[in-house]
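Everything on this sheet refers to the single structure shown next.
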Protein chains: 2
Amino acid sequence: MEDEVDRLVAAWRRERPDLDVEPLEVLSRVSRLARHLDRARRLAFSEHQLEPWEFDVLTALRRAGTPYQLSPGQLLTQTLVTSGTMTNRIDRLAKKGLVERLPDPSDRRGVLVRLTDEGRDRADQALAGLLEQERAILAELSRAQRAELAGLLRQLTAPFDNIPG
Amino acid sequence: MEDEVDRLVAAWRRERPDLDVEPLEVLSRVSRLARHLDRARRLAFSEHQLEPWEFDVLTALRRAGTPYQLSPGQLLTQTLVTSGTMTNRIDRLAKKGLVERLPDPSDRRGVLVRLTDEGRDRADQALAGLLEQERAILAELSRAQRAELAGLLRQLTAPFDNIPG
DNA sequence: ATGAAGTCTCTTGATATCGAGCCTCTTGAT
DNA sequence: ATCAAGAGGCTCGATATCAAGAGACTTCAT
């Protein structure tokens with residue numbers, strides 16, 4: 001089946017036959033799919049009264065395991081946002097009672113963000129919903145294809161994740 | 001090589017062994033890779049004094065071919081933004097002299113957005129720069145792997161692009 | 001000790017986005 | 001003709017993001 005990127009690439013080949021636009025076949029699909037996923041996630045989370053950004057922070061803390069706490073800096077690297085954004089997010093989550101801010105006992109500059117019980121429950125519920133929805137999207141592919149796809153994507157993400165980037 | 005999603009998935013398997021988090025292997029990589037690409041694109045475009053959003057609009061018009069004009073509505077569907085956003089983008093591009101707004105001769109509600117000569121040149125230059133950068137990112141994969149990856153991604157994007165979505 | 005450099009978080013100001021509603025014009029049924 | 005419904009683009013208010021820089025504290029070399 002044809003997709004929007006096929007049309008996009010065909011248009012470039014017509015307009016700029018001198019250029020090799022092969023890279024777009026992969027990377028434009030990644031960008032566009034990510035936007036579609038954002039919208040789908042937003043919808044899935046709205047059932048749990050959570051915004052995508054709230055989910056990102058809450059689940060980062062949830063994954064850390066007991067006692068469910070991380071520094072803002074650790075949250076930055078996991079969520080790929082800037083520090084100003086994270087400050088703002090923590091403020092709002094704290095106001096909603098889903099996290100609390102504690103002084104870091106071992107570094108007086110630092111802060112620890114801890115998930116509240118309610119925050120943990122909300123994260124767990126939203127994760128279940130998200131996985132269900134993602135499984136539906138991935139039903140297009142066989143198990144083997146999904147594994148293949150994951151492996152190829154890993155080769156592209158690894159340099160970003162490991163080099164300072 | 002391991003990436004951030006491997007660590008993320010491992011953490012979920014430890015914290016929620018009851019859940020099947022396999023979908024994340026694919027879709028979390030897509031989302032994270034897209035964010036990395038956004039940043040890389042922003043950097044690549046800054047050499048040409050263009051923002052990513054400007055590139056998106058300009059190249060949509062460029063791909064349309066002579067006379068390089070589309071309606072705001074057509075631009076919406078190609079760039080996946082809302083109409084308010086597109087109005088704002090067109091305003092700013094017009095102010096910079098990269099596009100101009102013309103009345104649609106066949107529908108008095110409508111407007112046509114046309115690329116200026118300078119807009120076309122800037123789009124062409126930025127595209128060349130982007131492709132160069134994307135080629136570097138994709139050098140991790142063989143030609144056959146890139147084709148494989150593109151095909152798998154197409155299967156996921158096609159439903160979004162073809163069904164009303 | 002002491003000072004310089006680095007780290008961590010927060011503040012600030014600018015800006016882009018979205019969602020909802022509005023107005024104009026078109027379409028199609030009667 | 002006329003009217004209701006729809007389509008197209010714009011306005012407006014709220015909000016989330018980023019970049020740059022400030023302040024507090026730590027680290028490390030001297």
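Any value given below was found using the heavy atoms of this structure, including those in side chains, with hydrogens, waters and symmetry copies removed. Labels below follow one simple rule: chain letters A, B, ... track the order of the sequence lines, proteins then strands, and each chain is numbered from 1.
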Pair [X] + [Y]: basic N to acidic O under 4.0 Å:
{"X": "A/Arg146", "Y": "B/Glu25", "answer": "no"}
{"X": "A/Asp91", "Y": "A/Lys96", "answer": "no"}
{"X": "B/Glu132", "Y": "B/Arg135", "answer": "no"}

Q. With both distances under 3.5 angstrom, what nucleotide forms a Watson-Crick or G-U wobble pair with C/dG19?
A. D/dC12
Q | Pairing nucleotide - D/dG23, Watson-Crick or G-U, each distance under 3.5 Å | A | C/dC8
Which nucleotide wins on minimum distance to the side chain of [X], given the candidates [options]?
{"X": "B/Asp107", "options": "D/dT17, D/dG9, C/dC25", "answer": "C/dC25"}
{"X": "B/Arg108", "options": "D/dC10, D/dA16, C/dC25", "answer": "C/dC25"}
{"X": "A/Trp53", "options": "C/dA20, C/dA16, D/dT17", "answer": "D/dT17"}
{"X": "A/Ser83", "options": "D/dT11, C/dC10, D/dA16", "answer": "C/dC10"}
{"X": "A/Thr82", "options": "D/dG9, C/dC18, D/dC18", "answer": "D/dC18"}
{"X": "B/Asn88", "options": "C/dA16, D/dG9, C/dT9", "answer": "C/dA16"}
{"X": "B/Thr87", "options": "D/dA19, C/dT26, D/dC10", "answer": "D/dC10"}
{"X": "A/Arg109", "options": "D/dA19, C/dG6, D/dG21", "answer": "C/dG6"}
{"X": "B/Val81", "options": "D/dA7, C/dT9, C/dC18", "answer": "C/dC18"}

Q. So which one's nearest nucleotide on DNA chain C is more toward 5', A/Arg35 or A/Leu112?
A. A/Leu112
In whole Å, what is the span from the [atom1] atom of [X] to the [atom2] atom of [N]?
{"X": "A/Leu76", "N": "C/dT7", "atom1": "CG", "atom2": "C1'", "value": "12 Å"}
{"X": "B/Leu102", "N": "D/dG9", "atom1": "CG", "atom2": "C1'", "value": "15 Å"}
{"X": "B/Arg92", "N": "C/dT15", "atom1": "CZ", "atom2": "P", "value": "10 Å"}
{"X": "A/Lys96", "N": "D/dA16", "atom1": "NZ", "atom2": "P", "value": "10 Å"}
{"X": "B/Arg89", "N": "C/dT15", "atom1": "CZ", "atom2": "P", "value": "16 Å"}
{"X": "B/Gln74", "N": "D/dG8", "atom1": "CD", "atom2": "C1'", "value": "12 Å"}
{"X": "A/Ile90", "N": "C/dT11", "atom1": "CD1", "atom2": "C1'", "value": "14 Å"}
{"X": "B/Asp56", "N": "C/dT17", "atom1": "CG", "atom2": "P", "value": "9 Å"}

Q: Classify the nucleic acid contact of B/Asp104 as base, sugar-phosphate or nothing, counting any heavy atom under 4.0 Å across all strands shown.
A: nothing
Q.
Just to be sure I understand the rule, does A/Gly84 reach a base, reach only the sugar-phosphate, or reach nothing, if contact means heavy atoms closer than 4.0 Å?
A. base
Q. Considering heavy-atom distances to DNA chain D, does B/Arg101 or A/Glu51 have its closest nucleotide positioned more toward the 5' end?
A. B/Arg101
Q) Is there a donor on the side chain of A/Thr85 or the base of D/dC18 sitting less than 3.5 Å from an acceptor on the other? A) no
Q: Test side-chain contact (heavy atoms from CB on, under 4.5 Å) on B/Arg122 and B/Leu98 and set out the steps.
A: CA-CA 8 Å; B/Arg122 297 281 290 280; B/Leu98 303 180; 4.0 Å; yes
Q) Do A/Leu149 and A/Leu141 touch side chain to side chain, with heavy atoms closer than 4.5 Å? A) yes
Q | Atom pair CZ/CZ of A/Arg63 and B/Arg13 - distance to nearest 0.5 Å | A | 13.0 Å
